[in-house]
Amino acid sequence: MPKPKVFVTRLIPDVGLELIRADCDIDVWPERLPPSPEILRERVHNCDGLVSLLTDKIDAALLTAAPRLRVVSNFAVGFNNVDVAAATERNIPVGNTPGVLTEATADIAVTLLLAAARRLCESSTDAKEGRWLTWEPRGWLGADLVGRTIGIVGMGRIGHAVAKRLHFGWGMKVLYTARNLKPEIDMELNAQSVSFETLLAESDFVSVHADLNATTNGMFGSRQFAQMKPTAVFVNTARGPHVDQVALAQALRTGTIFAAGIDVTDPEPLPADHELYQLPNCVIAPHIASATPDTRNAMATLCAANLLAGVRGERLPHCVNPTVYSSGSSD
Ligand code: GLV
């Protein structure tokens, strides 16, 4: 029997490629930049399985061009790059990699929060560029963390991991929004589920961890920044389109909020001449939240497990559209 054919759109860690290679006829895109939509369509045409990245657009046209496709395994926890409805219509399960990147992502959220609050990038740049004149009693004053309030927008796994770090590490009061009530978290962290408006008005730090979907797209605009404290620090490690970046730049420029730390932008990469780079109170990382060897290896292993289950016609360990299975239960 011929081995299933699989296209992998980038060099994911070897541990994942080896698992796939053992059972499949694998074609790996070797370039640093993603394949163009035309090349992707051409390469996936005869494939049974596809490993995609968050930079690959997996839309209805692509799925139609791949009539044999039995699984899309996304090398990410987020899956807004995949038209899940179109995949479901074609009975194609879509896999993602939840759980394994929770801690690394929470670490970056806290790193950005601290860096923005304590003006780390701005003061470091000043030092490198000759503006460190002396020890200044009034220089580079930032925001304190202890005893302040963190507002978590989207209390899923990553939001919870961030809240734990800030509550147990810095004694922060935790407010959050979530699709469902979380009585265990309320108990563990003395956390409080509140309305989005209350969270914006009462938090000293606001950290975004919601999925990107039609409801959350653009959820941070000028109105929301205006509702936040002028001392507030805004952190986004979720997805760039949650935020209206023109409004964010304006809020940072005019002192509507104190600072921001973002790991995600729209588009990615953010063009080098973008205004946000010019603002000293904006810390920008190039989407590195899951970038540790252990985390990326774990993502590759899980991504391979989803892929292999899909090409074998078995249920994916982590499927975002479980309605493709007759039993219909979620992971
Ligand atoms: C990264 O952003 C991911 O969704 O895994």
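Values reported hereafter were calculated over all heavy atoms of this structure, with side chains retained and with hydrogens, waters and symmetry mates removed. Index from 1, following the sequence.
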Residues D263 and A289: closest non-hydrogen pair is OD2-N, 3.0 Å
Backbone of I284 reached by a side-chain donor or acceptor of Y277 within 3.5 Å: no
Is there a side-chain contact between V235 and I262 (heavy atoms, below 4.5 Å)? no
Heavy-atom donor-acceptor pair, Q224 side chain to G221 backbone, under 3.5 Å: yes
Other residues, nucleotides and ligands only: do more than 12 of their heavy atoms fall within 6.0 Å of CZ on R131? yes
Report the hydrophobic cluster partners of L54, with the cluster defined as I, L, V, M, F, W, Y residues connected by side-chain heavy atoms closer than 4.5 angstrom, directly or transitively. none
State, with a plain yes or no, whether a side-chain heavy atom of T88 is found less than 4.5 Å away from one of T323. yes
If you take all heavy atoms of T9 and P35, which pair is closest and at what distance? O-CD, 3.6 Å
Nearest 0.5 Å, what's the CD-CG distance between Q192 and L199? 10.5 Å
Would you confirm whether N306, through its side chain, and H318, through its main-chain N or O, come within 3.5 Å as a donor-acceptor pair? yes
Heavy-atom closest contact (V71 atom, G310 atom, distance): CB-CA, 3.6 Å
What pair of heavy atoms forms the shortest contact from S52 to N74, and how long is it? OG-OD1, 2.7 Å
Flag side-chain contact, heavy atom, 4.5 Å: T177 against M155: no
If only atom types and distance count, is the side chain of T198 paired as donor or acceptor with the main-chain N or O of V194 below 3.5 Å? no
Value for SG (C282) from CD (E275), rounded to nearest 0.5 Å, stands at 9.5 Å
Distance-only, no hydrogens or angles: does the D25 side chain make a donor-acceptor pair with backbone N or O of K3 under 3.5 Å? no
Roughly how far, to the nearest 0.5 Å, is OG of S193 from CD1 of I152? 13.0 Å
Honestly curious: do F220 and L279 fall in one hydrophobic cluster under the side-chain, below-4.5 Å linking rule? yes
Would D27 and K5 count as a salt bridge (charged side-chain N to carboxylate O under 4.0 Å, His left out) here? Give the steps. CA-CA 8 Å; D27 175 17; K5 282 173 73 79; over 6 Å; no
Pairs satisfying side-chain hydrogen bond (donor to acceptor under 3.5 Å, both in side chains), at least one member in residues 284-301, at least two apart: E268-H287, S290-R296, T292-T295
Just so I know, are the side chains of R43 and H45 near enough to count as touching, which here means a heavy-atom distance under 4.5 Å? no
With a 4.5 Å limit on heavy-atom distance, are the side chains of V153 and H209 in contact? no
I need the L248 CG to N236 CG distance, nearest 0.5 Å. 9.0 Å
Surrounding CH2 of W132 (heavy atoms of other residues, nucleotides or ligands, distance under 6.0 Å), is the total greater than 12? no
Between Y325 and L316 (side chain of the first, backbone of the second, donor and acceptor by atom type, cut-off under 3.5 Å), is there such a pair? yes
Decide yes or no for S36 and I39: does some side-chain heavy atom of the first lie under 4.5 Å from some side-chain heavy atom of the second? yes
Mind checking whether F205 and F258 have ring centres under 6.0 Å apart? no
With a 4.5 Å limit on heavy-atom distance, are the side chains of L17 and V8 in contact? yes
N-O pairing of D14 and R21 below 4.0 Å: no
To the nearest 0.5 Å, what is the distance between CG (N81) and CZ (F75)? 12.5 Å
So N96 and V82, do their side chains get closer than 4.5 Å, heavy atoms only? no
Would you give me the side-chain donor-acceptor pairs under 3.5 Å for residues 103-114, sequence neighbours excluded?
residue: E103; atom: OE1; partner: R165; partner atom: NH1; Å: 3.0
residue: E103; atom: OE1; partner: R165; partner atom: NH2; Å: 2.8
residue: T105; atom: OG1; partner: L101; partner atom: O; Å: 2.7
residue: D107; atom: OD1; partner: R165; partner atom: NE; Å: 2.9
residue: D107; atom: OD1; partner: R165; partner atom: NH2; Å: 2.9
residue: T111; atom: OG1; partner: D107; partner atom: O; Å: 2.6

State whether E31 and R10 are salt-bridged, where the test is any N-O pair (Lys NZ or Arg NE/NH1/NH2 against Asp/Glu carboxylate O) under 4.0 Å. no
State yes or no: do V6 and L308 share one hydrophobic cluster built from I, L, V, M, F, W and Y residues joined by side-chain heavy-atom distances below 4.5 Å, directly or via other members? yes
I need the L200 CG to S195 OG distance, nearest 0.5 Å. 8.0 Å
Closest non-hydrogen atoms of P98 and V77, given as atom of the first, atom of the second and distance, are CA-CG2, 3.5 Å
Summary of salt bridge (Lys or Arg N to Asp or Glu O under 4.0 Å) pairs that have at least one residue in residues 57-77, sequence neighbours excluded: D48-R68, D48-R70
Determine whether K173 and L175 satisfy the following criterion, side-chain contact (heavy atoms from CB on, under 4.5 Å), listing intermediate values before the conclusion. CA-CA 7 Å; K173 174 175 170 182; L175 303 180; 3.9 Å; yes
Determine yes or no for a side-chain-to-main-chain donor-acceptor pair under 3.5 angstrom, with H167 supplying the side chain and V174 the backbone. no
Any chance CZ of R118 has more than 12 other-residue heavy atoms, nucleotides or ligands included, within less than 6.0 Å? no
For the side-chain contact (heavy atoms from CB on, under 4.5 Å) test, which of K128, E129, E122 pairs with D126? E122
Considering only residues two or more places apart or on different chains, which pairs with a residue in residues 143-152 satisfy side-chain hydrogen bond (donor to acceptor under 3.5 Å, both in side chains)? none
Between E188 and H160, is any side-chain donor less than 3.5 angstrom from a side-chain acceptor? yes
CG (L181) with more than 12 external heavy atoms under 6.0 Å: no
Would the distance check show the side chain of W29 and the main-chain N or O of L33 forming a donor-acceptor pair, the cut-off being under 3.5 Å? yes
Which heavy atom of V94 sits nearest a heavy atom of N321, and at what distance? N-OD1, 2.9 Å
Any donor-acceptor pair under 3.5 Å linking the side chain of R90 with the backbone of A86? yes
Return each pair, listed once, that meets salt bridge (Lys or Arg N to Asp or Glu O under 4.0 Å) where at least one residue sits in residues 217-242; pairs must be two or more places apart or across chains. D204-K229
Donor-acceptor pair, side chain of T256 and main chain of F225, under 3.5 angstrom: no
